[in-house]
Amino acid sequence: MGAGSEPGFMRPEIVRADGKGIRRAAAVLRRGGLVAFPTETVYGLGAIATQDVATARIFLAKGRPANNPLIVHLAALEQALGFVWMDERARRLAEAFWPGPLTLVLPLKTRSVISKLATAGLSTVGIRIPAHPVARKLLELTGLPVAAPSANPSGRPSPTRAEHVRADLGDAVDLILDGGPCPVGVESTVIDASDPERLVLLRPGGVPRERLEKVAGVAVAPLTDDGPVRSPGLVGRHYAPRRPLRLEARAVAPDEALLAFGPEPLEGARVMLNLSPAGDLEEAAANLFAMLRALDREGVRAIAVMPIPREGLGEAINDRLQRAALPDTEATGTAGA
Ligand code: TXA
Ligand code: MG
């Protein structure tokens with residue numbers, strides 16, 4: 001893809017995520033480099049979270065505001081206890097959903113070695129133990145906490161293929177591990193578990209709210225718009241293609257591309273992709289970002305999106321679409337992630 005006018009000159013290097021590739025990636029990380037790697041949700045842009053300079057490079061590469069903290073990835077639950085306090089409630093969630101697409105925001109231990117840049121100076125940190133075998137192997141080999149936001153420039157759709165990372169971040173990354181398409185396709189669910197009184201859903205994601213509530217035994221309060229901003233990355237336009245999105249479409253204009261869902265796509269669009277012809281929300285989540293990117297192309301004035309049910313992964317899908325559809329002006333001065 002792209003106008004490769006210089007064949008053979010491909011920076012950064014995309015490396016197959018076999019044993020050798022993963023060992024190389026671990027070495028690049030330990031030397032302070034930036035490595036994009038696959039997780040089950042989306043590709044992450046990793047640096048060792050105890051290294052200030054490497055962590056600072058993540059913010060530069062993404063154009064990410066410094067007040068937006070990064071998620072810290074670990075290989076195992078026991079490792080988390082070195083950095084954060086976990087009460088019984090947090091442990092129950094962790095044991096049920098780790099490794100997997102859940103991030104828990106937890107109180108940081110005071111003498112933690114995590115870079116203050118990674119936590120944006122907060123007294124909490126988001127911890128995630130990914131399930132993707134490549135991410136797991138990489139984390140085991142480095143043996144250190146790895147800070148990794150999604151590997152997209154702030155505000156853009158998250159990458160679910162190695163090629164998306166190269167197209168978007170280019171040589172700001174030292175190495176890209178290619179582990180194929182990400183199976184879940186939307187980012188992790190972020191739960192603030194730092195307040196013993198309540199659990200707050202900061203971002204719907206790969207673990208549906210219904211499953212979390214069942215394990216937690218309590219309702220997970222959604223983040224309200226009128227409360228204090230608890231998660232700096234969750235404000236304003238985000239995940240957005242360049243062309244405007246029109247949601248809940250019941251008809252399509254000839255100059256619109258259609259992002260369809262289900263067995264009866266609307267008629268009349270010149271370009272159409274279907275998130276899931278079978279109407280399956282897991283398939284739709286896995287296709288979401290790649291299809292938004294693919295429809296964001298010349299000759300298309302806007303992208304019309306058919307209604308998508310809100311249960312299960314539908315909550316995360318609708319969340320991403322709504323943020324992507326916000327007018328550009330609302331992005332000013334706010335943080336994409
Ligand atoms: O699935 C994922 O979570 C991916 C993969 C790579 O693991 N990562 C990801 O990271 O989506 P990022 O940085 O794009 O989104 C993390 C979100 C941001 O909106 C950030 O503001 C929020 O989590 N967050 C991180 N630490 C936080 C904290 N201590 N308190 C509140 N929000 C936090
Ligand atoms: Mg992000």
Side-chain angles (χ1 to χ4, degrees), residues 35-47 49 55 58-59 61-74 83-84 97-108 112 114-132 134-136 138-139 145-160 164-165 168-169 177 179 182-195 200-207 223 227-240 285 289 316 319-320 323-324 334-337:
V35 171
F37 62 95
T39 80
E40 70 277 27
T41 57
V42 300
Y43 274 75
L45 180 63
T55 304
I58 292 182
F59 286 87
K62 281 180 63 86
R64 182 177 177 116
N67 69 354
N68 188 3
L70 307 177
I71 293 175
V72 171
H73 296 66
L74 299 171
F83 305 107
V84 289
F97 297 109
W98 282 350
L102 174 69
T103 297
L104 290 175
V105 172
L106 296 163
L108 197 58
S112 154
I114 307 250
S115 165
K116 289 206 165 35
L117 293 170
T119 58
L122 299 174
S123 58
T124 56
V125 62
I127 302 279
R128 161 156 141 76
I129 296 179
H132 195 290
V134 172
R136 287 179 66 76
L138 181 65
L139 290 163
V146 172
S150 48
N152 52 298
S154 258
R156 295 271 297 142
S158 296
T160 53
H164 298 162
V165 182
D168 274 7
L169 292 178
L177 265 182
C182 300
V184 176
V186 290
E187 299 85 344
S188 61
T189 303
V190 182
I191 295 284
D192 186 345
S194 66
D195 176 350
V200 181
L201 178 69
L202 296 181
R203 177 178 73 183
V207 178
L223 189 66
V229 174
R230 304 271 299 271
S231 193
L234 304 177
V235 205
R237 191 165 191 252
H238 195 180
Y239 311 108
F289 288 129
D319 169 81
R320 303 307 185 269
R323 290 176 201 283
T334 62

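Just so you know, ligand 1 is whichever comes first in the structure, and atom 1 is the first atom listed for that ligand. Given the structure is predicted, the values throughout are model-derived calculations rather than measurements.
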**Report entry** Shortest non-hydrogen contact from Ser188 toward Leu102
**Finding:** CB-N, 3.9 Å
Query raised in the report: From the Mg ion (ligand 2) out to just under 2.8 Å, does an N/O/S atom of Tyr239 turn up?
Result: no
Report task. Give the atoms of ligand 1, by number and element, whose distance to some non-hydrogen atom of Leu202 is under 4.0 Å. Result -> 31 (C), 32 (N)
Requested in this report: Under 4.0 Å from a heavy atom of Gly44: give me the atoms of ligand 1 that qualify, with their elements.
Outcome: 6 (C)
Requested in this report: Please verify whether a non-hydrogen atom of Ala148 lies at under 4.0 Å from ligand 1.
Outcome: yes
Requested in this report: Kindly assign one of parallel, tilted or perpendicular to the pair Phe289 and Tyr239, based on the angle between their ring planes and the thresholds 30° and 60°.
Outcome: parallel
Query - For Phe97, all residues meeting ring-ring contact (aromatic ring centres under 6.0 Å, His included), sequence neighbours excluded - result: none
Query raised in the report: Any idea which atoms of ligand 1 are less than 4.0 Å away from a heavy-atom of Ser150?
Result: 8 (N), 9 (C), 10 (O), 12 (P), 14 (O)
Report task. Return the option from Lys62, His132, Glu187, His73 holding the heavy atom at the smallest distance from atom 7 (O) of ligand 1. Result -> His73
**Report entry** Side-chain heavy atoms of Pro153 within contact of Leu169, under 4.5 Å
**Finding:** yes
Report task. State the atoms of ligand 1, each with its element, that fall below the 4.0 Å cut-off from a heavy-atom position in Ile71. Result -> 3 (O), 8 (N), 9 (C), 10 (O), 16 (C)
Report task. Please indicate whether any nitrogen or oxygen in Tyr43 is less than 3.5 Å from any nitrogen or oxygen in ligand 1. Result -> no
Query - Partners passing salt bridge (Lys or Arg N to Asp or Glu O under 4.0 Å) against Asp319 (at least two apart in sequence or in another chain) - result: Arg323
Requested in this report: Please confirm whether Thr41 comes within less than 3.5 Å of ligand 1 when only nitrogen or oxygen atoms on both sides are compared.
Outcome: yes
Requested in this report: Would you mind telling me if ligand 1 is within reach of the side chain of Pro149, the backbone, both or neither, using heavy atoms under 4.0 Å?
Outcome: both
Requested in this report: State, with a plain yes or no, whether a side-chain heavy atom of Leu108 is found less than 4.5 Å away from one of Ser123.
Outcome: no
Query raised in the report: With a 4.0 Å cut-off, would you call Arg128 and Glu187 a salt bridge?
Result: no
Query - Residue pair Asn152 / Lys62, side-chain heavy-atom distance below 4.5 Å - result: yes
Query raised in the report: For atom 20 (C) of ligand 1, which candidate among Leu106, Val125, Asn68, Asp192 holds the nearest heavy atom?
Result: Asn68
